[in-house]
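Below you'll find the structure, written out as structure tokens, and then a few comments.
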Amino acid sequence: MTLPTFEPGTPVVPVVAPGHGLALAWGSSTWATRTPDPVGTLAQLEASHPRWVWWRARDTATGWIAAGLRPRSCWDLGAVGRLVHGLDRDDPAATWAAAHGLPLPDPAEGALTLLDLEGEGPEPVRADGQLSREWLREGWCSDLESAQRWAGLALQVHIRQSAEVARLPDARPAPSTPSLPHLTALSESMAALLAVELEHDGLAIDRDVLEAFLTATVGPRPRSDADEVASRRARDELVWRHFGGDPMDLRNPATVRDLLARHGIAVPDTRSWRLEAYAADSPGVAALLTWRKTERIATTYGWSWVERDIAGDDRLRGQWSAAEGAGRMTASAGLHNMPTELRPAVRPPAGRVLVRADLGQIEPRVLAAVSGDRALAAAAGEDDMYAPVAAALRSDRATAKVAVLAAMYGQTSGPAGEALRDMERAYPVAMAYLREAEAHGRRGADLRTYGGRLLRLSHLADRLARSGGADSTLAHSYGRFARNAMVQGAAAELFKAWAATVRAGLADSDARIVLCLHDELLVECRADDADRVSGVVIEGLARTASWWAGGSAVRFVADVATVRDWSQAH
DNA sequence: TCGGTCACGTA
DNA sequence: CGTACGTGACCGAG
């Protein structure tokens, strides 16, 4: 068997048809082979450095990753569909429809009965231009010829997406080739692949450390339902005894509010920040706040979490998405909201370490870059950009920070109000950028981020409409969302571009990115490899920033440290 | 059983 | 009336 070879970077669609073999499509060619080991063949093909084009990494690359193959380059049609068309889903039916300007098919059509399939012909594309539901339900893997056709369809979508990306404006002060939207499409694609890898690799947990913490905090691992009930009651009693000792439902906010009212504490709700003020004078409130923290650990990060999400190899695994909402990565299994007290338990086995890197002040720096505000960009030349901002506002650092954050979040009242007026004077270009975004949001007009992500305000409208609220409140909400999403979304794009560069720098070693947390990257590696990895992380940021913010003079800074566990400071 | 609400963790 | 997200408990409607 002679394998095809490609020029490096050639877009090639691989389709593995289980039980049949492997089909490829590229340019105007297709090729197929019957092989029991398609991933082995793919590994050989990888040597010529194609750019793999797939419907979505989750469907195609999961098996590759499991087999140890780490592709170096890809174009993820689903990820690019999310980016360019603002989709909130990445299934092939939606990706195809968006690329062809067709209405999005009902997402529930994946679950069909045979009866529903009546009228679906044998062709992969229906008369109305949509993908055949039969084909979507893995009709493409029935034989190699179908697999080749399926690969050809993906290639068509790639051509359409590439053309669409090429039409998007390059928002950099000094546009160059490849364009910023093109580079963003590539890094979003890599992020989608990274999401599959993160799911596969997991995050190392020191079970002894974790179990000792849980035992001390919520009690030993329950051996029965009765154990569970007893331990729950024991926690509750620590609060009850401050309020007369009678059992009551602490998990019901209304009950808690009435309870507090009977003891002379009248509050509109029982949120912790509100109760904080009463804790000093009321041991009962203090006990309640402690109970809340413990209860959070017990329910969300307790023994059931350990059982469900930490595998036998002592690694925590969740589902990752490369872009939700404004474009940030998300993860389940608590990976993105793990309380800091649990971080000591994030600890690789002996001989391995974590290289922890986080971007400093990423959002204001991103604002400086995307808005093209030269004064703010000059401030972003400093390690601590709030210092020059404070000087410009003639305020202290704390006020400057609040003012910048208030501008990006759309806050208009409170102590930030006055500083915001100074912001308008000092950084009119950045403020105009944010105001413009807000205006779009208020009237429900779509926006595009710096890198080209379409922010569909109409989708948000549905969500907010369901939650009710007066029209002016609604418009305000859209405005604040849009204002923030332009910054948060662009920051997410920079972060993913950085992560993709770091990932590439780690190839050919056993170092792995194991966590992405909006502005923080965790790499697990051998202890004797940590210095090299730190270099890859720092160098990766410099290289990424040079094209991402090229010409803006904005500096991006990262704190990098090698640590044994995640709790250790920089 | 499902969606809404409250609550709270991370960034 | 500062943003985003994921998770869990509870409630009330179906």
Side-chain angles (χ1 to χ4, degrees), chain A residues 88 232 236 249-257 267-276 288-289 291-302 304-305 308-309 318-343 346 358-364 366-367 401-417 419-420 434 437-438 441 455 460 463-470 472-492 495 515-522 566:
Chain A
D88 59 1
R232 197 168 135 135
D236 291 2
D249 186 0
L250 300 171
R251 293 161 191 81
N252 184 332
T255 307
V256 172
R257 199 174 62 118
V267 283
D269 59 63
T270 69
R271 289 190 163 83
S272 294
W273 63 266
R274 203 186 288 284
L275 297 183
E276 213 72 64
L288 177 65
L289 292 175
W291 177 89
R292 283 254 177 88
K293 281 188 95 65
T294 308
E295 189 67 7
R296 165 62 91 209
I297 300 288
T299 54
T300 307
Y301 299 98
S304 59
W305 173 67
R308 187 183 61 241
D309 295 327
Q319 293 210 319
W320 285 80
S321 164
E324 291 294 330
R328 277 185 168 183
M329 297 181 83
T330 61
S332 67
L335 281 159
H336 271 179
N337 41 4
M338 194 185 299
T340 52
E341 311 131 85
L342 284 167
R343 291 186 177 194
V346 176
D358 71 75
L359 300 177
Q361 304 170 342
I362 181 175
E363 291 196 346
V366 161
L367 173 61
K401 181 175 176 177
V402 167
V404 171
L405 294 177
M408 291 189 299
Y409 289 153
Q411 189 184 349
T412 51
S413 68
L420 277 172
L434 293 169
E438 177 164 34
L455 300 172
L460 183 71
R463 223 164 60 194
L464 288 172
R466 278 201 303 278
S467 70
S472 64
T473 312
L474 212 60
H476 257 97
S477 287
Y478 297 159
R480 280 197 307 275
F481 172 82
R483 179 185 275 264
N484 184 251
M486 289 294 277
V487 179
Q488 192 189 97
F495 178 85
L515 190 74
C516 295
L517 191 47
H518 311 319
D519 65 356
E520 182 172 357
L521 210 48
L522 281 189
W566 193 18

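Here is how names work: the chains are called A, B, and so on, in the same order as the sequence lines, proteins then strands, and each is numbered from 1.
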**Euclidean distance, atom CG of residue A:Asn484 to atom P of C:dG2 [Å, nearest integer]** = 13 Å
**Message:** Side chain of A:Thr299, heavy atoms from C-beta onward: which of B:dC8, C:dG6, C:dA9 has the nearest atom to it?
**Reply:** C:dA9
**Request:** Identify whether the distance between the nearest side-chain nitrogen and carboxylate oxygen of A:Arg257 and A:Asp269 falls below 4.0 Å.
**Result:** no
**Asked** Among the nucleotides C:dG2, B:dC6, C:dC11, which one has an atom lying closest to any side-chain atom of A:Gln411?
**Response** C:dG2
**Prompt:** Any Lys/Arg nitrogen of A:Glu295 or A:Arg251 sitting under 4.0 Å from an Asp/Glu carboxylate oxygen of the other?
**Reply:** yes
**Protein-nucleotide distance (A:Phe495, atom CZ; B:dT10, atom C1'), rounded to Å** = 13 Å
**Message:** So A:Arg274, base contact, sugar-phosphate only, or nothing? Heavy-atom distance under 4.0 Å.
**Reply:** nothing
**Request:** Figure out the CH2/C1' separation between A:Trp273 and B:dG9, and round it to whole Å.
**Result:** 17 Å
**Prompt:** Which part of the nucleic acid, if any, lies within contact of A:Arg257, taking any heavy atom under 4.0 Å across all strands shown: a base, the sugar-phosphate backbone alone, or nothing?
**Reply:** nothing
**Prompt:** C:dA9 phosphate, OP1 or OP2: any side-chain N/O from A:Arg232 under 4.0 angstrom?
**Reply:** no
**Request:** Consider the side chain of A:Leu405, meaning its heavy atoms from C-beta on, and name the nucleotide among C:dT3, B:dC6, C:dG2 that approaches it most closely.
**Result:** C:dG2
**Prompt:** What nucleotide among B:dA7, B:dG9, C:dG6 has an atom nearest to a side-chain atom of A:Arg271?
**Reply:** B:dA7
**Asked** Closest to the A:Asp519 side chain: B:dA11, C:dA4, C:dC10?
**Response** B:dA11
**Prompt:** Please give, in whole Å, the distance from B:dA7 C1' to A:Glu276 CD?
**Reply:** 14 Å
**Request:** Could you check whether A:Arg483 gets within reach of a base, just the sugar-phosphate, or nothing at all, counting any heavy atom under 4.0 Å?
**Result:** nothing
**Fill in**
Under a 4.0 Å heavy-atom cutoff, the residues of residues 333-341 of chain A touching DNA chain B are A:His336, A:Asn337, A:Met338, A:Pro339, A:Thr340
**Complete:** One should read off an interatomic distance between A:Leu342 CG and A:Trp566 CH2, to the nearest 0.5 angstrom, of 9.5 Å
**C:dG6 phosphate, OP1 or OP2, under 4.0 Å from A:Thr330 side-chain N/O** = yes
**Message:** Nearest to the A:Glu520 side chain among C:dC11, C:dG8, B:dA11, which nucleotide is it?
**Reply:** B:dA11
**Prompt:** When rounded to the nearest 0.5 angstrom, what distance separates CD in A:Gln319 from OG in A:Ser332?
**Reply:** 5.0 Å
**Item:** Inter-residue atom distance A:Asp519.CG - A:Gln361.CD, 0.5 Å rounding
**Value:** 11.0 Å
**Prompt:** Quick one: does A:Arg296 reach the base of B:dC8 with a side-chain donor-acceptor pair under 3.5 Å?
**Reply:** yes
**Fill in**
Note: A:Ala326 and A:Gln488 closest approach over all heavy atoms is CB-OE1, 3.7 Å
**Request:** Rounded to the nearest angstrom, tell me the gap between atom CG in A:Leu455 and atom P in C:dC5.
**Result:** 11 Å
**Prompt:** What is the distance from CZ of A:Phe481 to C1' of C:dC5, rounded to the nearest Å?
**Reply:** 11 Å
**Message:** Mind checking if A:Ala331 touches a base, just sugar-phosphate, or nothing, with heavy atoms under 4.0 Å?
**Reply:** sugar-phosphate
**Prompt:** So which nucleotide from C:dC10, B:dT10, B:dA7 ends up closest to the side chain of A:Leu517?
**Reply:** B:dT10
**Message:** Return whichever of A:Arg328 or A:Arg308 has its heavy-atom-nearest nucleotide of DNA chain C closer to the 5' end.
**Reply:** A:Arg328
**Request:** For the side chain of A:Pro253, starting at C-beta, report the closest nucleotide among B:dC6, C:dC10, C:dG6.
**Result:** B:dC6
**Request:** Locate the shortest heavy-atom distance separating A:Ala403 from A:Leu420; write the atom from each residue and the value.
**Result:** O-CD2, 3.6 Å
**Item:** Proximity to the side chain of A:Asp249 - top-ranked nucleotide from B:dA7, C:dG2, C:dC11
**Value:** C:dC11
**Request:** Starting at atom CG of A:Leu359, determine the distance to atom P of B:dA11, rounded to an integer number of angstrom.
**Result:** 13 Å
**Request:** For the residue pair A:Asn337 and A:Tyr301, confirm or rule out a side-chain donor-acceptor distance under 3.5 Å.
**Result:** yes
**Message:** Between A:Glu363 and A:Lys401, does any side-chain N to carboxylate O distance fall below 4.0 Å?
**Reply:** no
**Prompt:** How long is the line joining CG of A:Leu367 and C1' of C:dT3, in whole Å?
**Reply:** 14 Å
**Message:** Counting only side-chain nitrogens and oxygens, does A:Thr270 get under 4.0 Å of the OP1 or OP2 atom of B:dA7?
**Reply:** yes
**Message:** For a quick check of understanding: with a heavy-atom distance under 4.0 Å over all strands, which category does A:Arg480 fall into, base, sugar-phosphate or nothing?
**Reply:** sugar-phosphate
